[in-house]
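Chain naming here is simple, since letters A, B, ... match the order of the sequence lines and numbering starts at 1 in each.
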There are 2 protein chains.
Amino acid sequence: MNQHLLARKGLVLVMLIDALLVALPADRVVRDPDVVARYQHDEAEWAPYAAPLAVVRPRTTLEVQAVVRACLEHDTAVVTRGAGTGLSGGANATDGCVVLALEGMTAIKEIDPLERYAVVEPGVVNDHLRAACAEHGLWYPPDPASAPWSTIGGNVATNAGGLCCVKYGVTRDYVLGMQIVTGTGELVRLGRKTAKGVAGYDLAGLMVGSEGTLGVITEITVKLRPLQDPQRTVAGYFDSIVDAGRAVSAVAAAGLTPSALELVDKQCLIAVDAWKKMGLSVEANVVLLGRIDTAGVIGDQEAEKMLSCFDEAGATWSAVSTDQEEADALFAARRLAYPAMERLGPVLTEDVCVPKRAVPEMLARIEQIGIAHETTIANIAHAGDGNLHPLLITPRDDEPARARAQAAFAEIIDAALELGGTVTGEHGVGLLKMEGLAQELDPVVLDMHRSVKNALDPHGILNPGKVFS
Amino acid sequence: MNQHLLARKGLVLVMLIDALLVALPADRVVRDPDVVARYQHDEAEWAPYAAPLAVVRPRTTLEVQAVVRACLEHDTAVVTRGAGTGLSGGANATDGCVVLALEGMTAIKEIDPLERYAVVEPGVVNDHLRAACAEHGLWYPPDPASAPWSTIGGNVATNAGGLCCVKYGVTRDYVLGMQIVTGTGELVRLGRKTAKGVAGYDLAGLMVGSEGTLGVITEITVKLRPLQDPQRTVAGYFDSIVDAGRAVSAVAAAGLTPSALELVDKQCLIAVDAWKKMGLSVEANVVLLGRIDTAGVIGDQEAEKMLSCFDEAGATWSAVSTDQEEADALFAARRLAYPAMERLGPVLTEDVCVPKRAVPEMLARIEQIGIAHETTIANIAHAGDGNLHPLLITPRDDEPARARAQAAFAEIIDAALELGGTVTGEHGVGLLKMEGLAQELDPVVLDMHRSVKNALDPHGILNPGKVFS
C-alpha cells in the first residue's frame, strides 16, 4: 500500500472511531487486537479474511443504525455477524471494515402462542429460542447443526437449513417480517405479523439469505408451529456410502416424508467418539438416521416402511429404535461431526444439494474425487433432501494436500451442477462459493443480483465483495 | 390528447404491430375490438382500465420473449395476465399497452413424484394441475376460490392464497423456481429444483407476488406434497358474525391447526342458492366451516375440540359432518359466494388480513362501517388466518351508493391497519390497494420498492403504474 493510501486509511480510522464513540458507549467499540482477532473470520477456515478497523458490539437497534450511519459517512464497509458459525466466509472481515457483531442483542421480545410467532433480536441463539418456545408448547423448527451456538440473525442472513428441513423447510419458511437498517442508514420494517400478506414486494424474503449484503437485520418475527410430536428413530448401517444413498432415494420413492434423514460416515463417528467418548458403535462404514414424527399407528407403519427401504438397499443392520436415549446419542453425534472433524485438521466443507434420485450417484462421485485427488473426505449429509456435506480434511501445514483438496472441492461442485444440483444448499455463498455461484447462475442473473444490490445498497457498504463480485 | 401525441401513438402502434407480426404467427396478435375488450380488465370491477393497443396470445416462451423485446423497442407497456380472475385490477390494461395473455401456455411439462415437483407453463389452470398431480398421488395445495378458472402464472404473480393456507401456506411456499423474461428482454432461470438451495438472492421469491412488474413468468416449478388425508368437516351456525369471529379466535387459542376454517354469511348463502339451487340451509346468519385432516383418532379428537370451540363461542347449531356430500356442498357454496354476489350488482372486494385475535373486533367494525355508510356488506373469510373478504355491494348505476361504498372500503382498510393487519392478504395491490399500500408501508420501504423496480425493469415497461406509483 502506498503512503498516500495509508495516510488516508489512518485518517478515516480516526474520524470513524470518533464517530462511533460519539454514537455508542465506549465499551461497545472494541479495538483491542486480541479481541478484534476473534472477530476476523467465521468457521470457514479456508476463506480469506483481513483485519477490520474495529469491532462494534451494539446492544440496541438505534446503536446499529448509528454504526451504519457512521460507516456511510466515512465510506467504510460493514460486515455484520452473529455467532460466527458460518461455513462459507460470509462474515469474514475485509480489509479496513467495521465488524458489526450482533451477538449482544439477545432479547426474545415476544412469544405469542395464539398468533404463533416470536419476535427476537438477531443475537438470540437458535437453541435458546427453541427452548423459550417450548415453554409455550410451541416449536421453531429450523435446526442447523450449529443450533446450540448460532444466532437467529445469522440463520436468517444465510437462510440456514438443518436436520428437520426435509419435512419442515428452512429458515426462509419461518420468517414473517423483520426490522432492518438499510444501506442508506434508515430503520424500516419489512414483512408482516399476520398469517398472510401480499402488500408489495417480498423484501423481507429477499433479505433472507442475502448474507448481510442488502441490509442489517435488527429484529426478526418468526412463525412458530405447535410442538413436534414424538419421533421414532430408524437407524441403518451400510457397508458402502452408495448403498446408503440408494436407501435415501428409496425412502423418497416410497412417498415417505421423514422428519429427518441424516447420513454420517465412520470417519465422523470415530472422530466424535474420540472427542466425546460417547461409546458409539462404529461397526458400520455409513450410518443412516431417519426419523418419523407422524402420530399414532400411521407413524409406526411409516417407520417400518423406512426400515424396509434401508434393508432393500442393502443395510447390514437396521432397527426402529425404542431407546430414546440411544437415538438421541446418535443424533448428537451427527451434530458434533463437524467440530469433531475440525479437530483433526483444516476442514474444507462442501454444501452441495442434488436431486434426491441423484444422491447415490453424487456420493459415488465424491468418493471417486477423493481418491483421484488423494484427499480424505468424510461425509455427513442431510441426505433426505439431497444436501450433502463432504468434509475435505488435510494435514496441517501441508500445502500440496491443500491444493489437492481445493481441486477436489471444485470437482465436487462441477459434479453437483452436472447432476442438476446447486453449489450451496444451506451454508450460503460467502467467499467459498463465489466461483461456484458464477458457474451456477446465468450471467444475466448475476447482473440482476448486482442491480438489486446497487438498488438497496447504493453506497456499497454492506458486506461488499461477498456472494458475487 | 393533442394532435402530436395522437400521431405519435398511431406511429408506435403501426410499428409495434408490424414488429409483433414479424415475431409471432398472425393469429397470436389480436386486434378485433370485441376480443380486445374481453382482455381489458380483470374481475376488479371498480378499478380503472383503458384500451390496449393489442392483445397478444403467445404459445411459447420464445414468443413471449419476442413480445417483450418488441415492446421494449417501441417503449410500450406490457400488461401480463393469466385468466383475468384477479380482484385488484393488477391485470387491467393501461392506455396504449400490449396485453400479454398467457392463457394459451397450458402445458404441464413434468410431474416428478420422487422429487415432488411439477414444471408448468403459466397458463395451466390451478384445478388442472391439482388433478394431474392427484394421478401421481401428489397434491399442489394452494387453492384460491378461483381454482377452477385461475392460472398458476396468475397465482404466482399475485401470491394467491386460498382455503387450505391456514395449514398449508400460500403460493409462495410452493414456488421452487421459474423461467422469466426480464425487463430487458432476456430469458433466464431463477430458483432451483432441489429441495434446498441458497445460491444467491431469492429472486424467484421476489417475483412471487410482484404482479407482473418485475418480469414475465414463462415457466414455473412448484413443490408438491403427498395427497392430503381425508378431511372431517365441522360446521357451526351463529347468530352474529362477532360470535363466529370469537369461535375463530378460540380455535387458534386451543392450539388447533385446521386444514380450512372458512366463514360465509347468510347473504352469500342466499345468493349462491338463488343462483345454483343447491338447496342450502340458510337458517343461520353466519356459518363457519372448519376442516381437520389430521389422520386417525387424533384427527377425530381435534374435530371434537373444534366443535367445542364453536359451541362455547355461542353456536346455535354445530356438527361434525359425517356426510361428505353435504360437506362438499357447503364448501362449494363458499367458493361460489363471490361470483354469486357479483350477479347482484357491482362488488367491491376487500381483502384485509388481521391477527387472529383481532378477528371478532374486525368483523364488528366491518358491520359498523356498513351501517354508518349505508352499504350492504356481505362477508366471506378465510377466517382461520384472519383474512377477511367483506364484499361491498351497490345497486347498479347508483353513484351516491358507489361513493358510500368507497368510503366504507377506505375505512375498513384504516381499521385493519389499526388492528395490526395488512391491506391485502392474498389478492394483491393492483390498482385497488395502491392507496392502502402507501398507508401501510413506510415511505422508505416504498422507495425501496421503486429502487428494486428500476433495477429489474430499467425501461419501466412491465405493468407500469400498478402496485405503487
Side-chain angles (χ1 to χ4, degrees), chain A residues 114-115 137 158-159 161 165 170 173 186 188-190 192-203 205-206 208-210 226 252-253 255 257 295-298 353-357 385-387 420-426 428-429 437 440-442 444-445 448-449 451-452 454-456 467, chain B residues 114-115 137 158-159 161 165 170 173 186 188-190 192-203 205-206 208-210 226 252-253 255 257 295-298 353-357 385-387 420-426 428-429 437 440-442 444-445 448-449 451-452 454-456 467:
Chain A
L114 192 147
E115 308 293 339
T158 55
N159 191 13
C165 305
V170 295
D173 300 309
E186 309 270 2
V188 297
R189 290 195 174 278
L190 305 175
R192 62 186 207 275
K193 285 188 175 178
T194 48
K196 289 156 81 178
V198 291
Y201 297 155
D202 185 7
L203 297 179
L206 182 64
V208 180
S210 66
T257 307
V297 180
I298 297 163
C353 186
V354 296
K356 281 166 256 185
R357 72 162 56 75
D385 38 32
N387 188 193
T422 174
V423 301
T424 174
E426 59 176 13
V429 178
L437 188 78
E440 180 168 340
L441 299 187
D442 188 313
V444 175
V445 176
M448 290 170 74
H449 278 71
S451 300
V452 168
N454 288 339
L456 298 180
V467 187
Chain B
L114 193 148
E115 307 292 338
T158 55
N159 191 12
C165 307
V170 295
D173 299 310
E186 309 270 3
V188 297
R189 291 197 172 277
L190 306 175
R192 62 186 206 275
K193 284 188 174 179
T194 48
K196 290 155 82 177
V198 292
Y201 298 154
D202 185 7
L203 297 180
L206 182 63
V208 180
S210 66
T257 307
V297 181
I298 297 164
C353 187
V354 297
K356 282 167 253 186
R357 71 162 58 74
D385 39 30
N387 188 194
T422 174
V423 301
T424 175
E426 59 176 13
V429 177
L437 188 79
E440 180 168 339
L441 299 187
D442 188 312
V444 175
V445 176
M448 291 169 73
H449 278 70
S451 301
V452 168
N454 288 338
L456 298 181
V467 187

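Chain B forms the most heavy-atom pairs under 4.5 Å with one residue out of A/C165, A/G197, A/A195, and that residue is A/G197. Most heavy-atom pairs under 4.5 Å with chain A: of the set B/V429, B/V444, B/D442, this distinction falls to B/V444. For the set A/V423, A/I298, A/N454, A/N387, the count of heavy-atom pairs under 4.5 angstrom toward chain B peaks at A/N387. Interface remark: of the candidates A/G161, A/C353, A/G209, A/A252, A/C353 forms the most heavy-atom pairs closer than 4.5 Å to chain B. Chosen from A/G428, A/G296, A/G200, A/G420, the residue pairing most often with chain B at heavy-atom distances under 4.5 Å is A/G200. Ranked by heavy-atom pairs shorter than 4.5 Å toward chain B, the options A/L190, A/V198, A/T158, A/L441 are led by A/V198.
Using a 4.5 Å cut-off between heavy atoms, B/N159 contacts chain A through both its backbone and its side chain. For B/E426, the parts lying near chain A are the backbone and the side chain together; criterion is any non-hydrogen pair under 4.5 Å. With a 4.5 angstrom heavy-atom cutoff, B/E440 touches chain A only via side-chain atoms. At a 4.5 Å heavy-atom cutoff, the contact between A/T257 and chain B is made by backbone and side-chain atoms alike. A/E115 touches chain B through backbone and side chain together, each having a heavy atom under 4.5 Å away. Heavy-atom distances place the side chain of B/P226, and not its backbone, under 4.5 Å from chain A. For chain A, the nearby parts of B/R357 are the backbone and the side chain; heavy atoms of each come within less than 4.5 Å. Only the side chain of B/V170 comes within contact range of chain A, with heavy atoms under 4.5 Å apart. Within the 4.5 angstrom heavy-atom criterion, no atom of A/K193 approaches chain B.
Side-chain contact check for B/H449 versus A/L203: some heavy-atom pair is nearer than 4.5 Å. Between A/L456 and B/M448 the shortest side-chain heavy-atom distance falls below 4.5 Å.
In terms of heavy-atom proximity, A/V445 sits nearest to B/R189 at CG2-O, 3.6 Å. Closest non-hydrogen pair, A/G205 versus B/D202, comes out as O-CB, 4.3 Å.
Atom NZ of B/K196 and atom OG1 of A/T422 lie 11.5 Å apart (nearest 0.5 Å).
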